[in-house]
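For reference, the structure discussed in these notes is given below.
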Amino acid sequence: AASDVYKRQAKAEQTVKELAVEQAKEDYDKASTNAATADAELKKAEQKVADAQAEFDSAGGNVQTAKDALVQAQNEEQAAKDKKALADAELSDAQKNQNDLTASVEEIKKQITQAEQDVTSAQTTYNEAKQLADDAAVLIAKGSYGFFEYNGSADAVQALNNATYANYTHIGEEKDATSLENMKASMQWLKKCNELRKAEGLGELYVNDYFMACLLYTSPSPRDPKTS
């Protein structure tokens, strides 16, 4: 759920950033146009300076007029240079802003992709964990029968299936000898038995799945006719 919220926020931010990129592109185009205009005006001003210089050189008796024209042309040239420098600076800023916003949008796209991958990975992990839990629940419900199946002990499974009192054995039920808790509890008595045997100098008793299965189905339970 948190990843979904993150994805929606990231996509909304991506939309805003993309709009900002479009605006930055418009600003860049405008700055580019201004720079081109300033360049054209500078060239015109330079041409005026050249014309004024030529006029000054050929003015003869009207020297002051030519000097004034030359100064005016030089001033216009400097103003055009200043204007072009400003336009170039604005164009550079617009280009940098556009590049930064484009990089930001790409980063957001990567974050969205990563979030989608995280959601998919989390869902896969959850599904696998749930399947393991479901499988474990099935085995636990089967008690010792499920334990023997899991161990691949076919002879133990067959012993339970073919038991004389199989109809009165309630596999995995809490009060039945085949419940895993009862089966686990019996292990301590086997351990105690072996401790006593060892104290008397006797060898330890060993048990396998088959013998355990035979013991389980012959053990009394509340509904077992052997105890009636």
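Here, residue 1 is the first one in the sequence, and each next residue gets the next number.
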Report all side-chain donor-acceptor pairs from residues 206-215 shorter than 3.5 Å, counting only partners two or more places apart or in another chain.
unit_1: Asn208; atom_1: OD1; unit_2: Tyr210; atom_2: N; d: 3.1
unit_1: Asn208; atom_1: OD1; unit_2: Phe211; atom_2: N; d: 2.8
unit_1: Asp209; atom_1: OD2; unit_2: Asn151; atom_2: ND2; d: 3.3
unit_1: Asp209; atom_1: OD2; unit_2: Ser153; atom_2: OG; d: 2.4

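Every residue two or more places apart in sequence or in another chain that forms a side-chain contact (heavy atoms from CB on, under 4.5 Å) with Lys184 is listed here: Glu181. With sequence neighbours excluded, the residues forming a side-chain contact (heavy atoms from CB on, under 4.5 Å) with Gln72 are Glu76, listed by chain and number. Residues satisfying the side-chain hydrogen bond (donor to acceptor under 3.5 Å, both in side chains) criterion with Asp93, sequence neighbours excluded, are absent altogether. Applying the side-chain hydrogen bond (donor to acceptor under 3.5 Å, both in side chains) criterion to Gln95, with sequence neighbours excluded, gives Tyr28, Asn99. A search for salt bridge (Lys or Arg N to Asp or Glu O under 4.0 Å) contacts involving Asp29 returns Lys25, not counting sequence neighbours. Take Glu41 and apply the side-chain contact (heavy atoms from CB on, under 4.5 Å) test, not counting sequence neighbours, and it matches Thr37, Lys83. Listed by chain and number, the residues in a salt bridge (Lys or Arg N to Asp or Glu O under 4.0 Å) with Lys110 amount to none (sequence neighbours excluded). Taking the side-chain contact (heavy atoms from CB on, under 4.5 Å) definition, one finds that Lys130 meets it with Tyr126, Asp134, sequence neighbours left out. Under the salt bridge (Lys or Arg N to Asp or Glu O under 4.0 Å) criterion, Asp100 pairs with Lys96, not counting sequence neighbours. Partners of Lys44 according to the salt bridge (Lys or Arg N to Asp or Glu O under 4.0 Å) rule, which considers only residues two or more places apart in sequence or in another chain, do not exist here.
Residue pairs meeting the side chain to side chain donor-acceptor pair (under 3.5 Å) criterion with at least one member in residues 189-199: none, sequence neighbours excluded.
In this structure, CG in Leu205 is found 10.5 Å from CG in Leu196, a value given to the nearest 0.5 Å. Rounded to the nearest 0.5 angstrom, Leu91 CG and Lys84 NZ are separated by 9.5 Å.
Between the side chains of Asp118 and Ser121, no donor-acceptor pair of N or O atoms lies under 3.5 Å. If you check the side chains of Asp82 and Gln78, you find a donor sitting under 3.5 Å from an acceptor.
For CD of Glu200, the number of neighbouring non-hydrogen atoms (other residues, nucleotides, ligands) closer than 6.0 Å is 12 at most.
Closest heavy-atom contact between Leu180 and Ser144: CD2-N, 3.9 Å.
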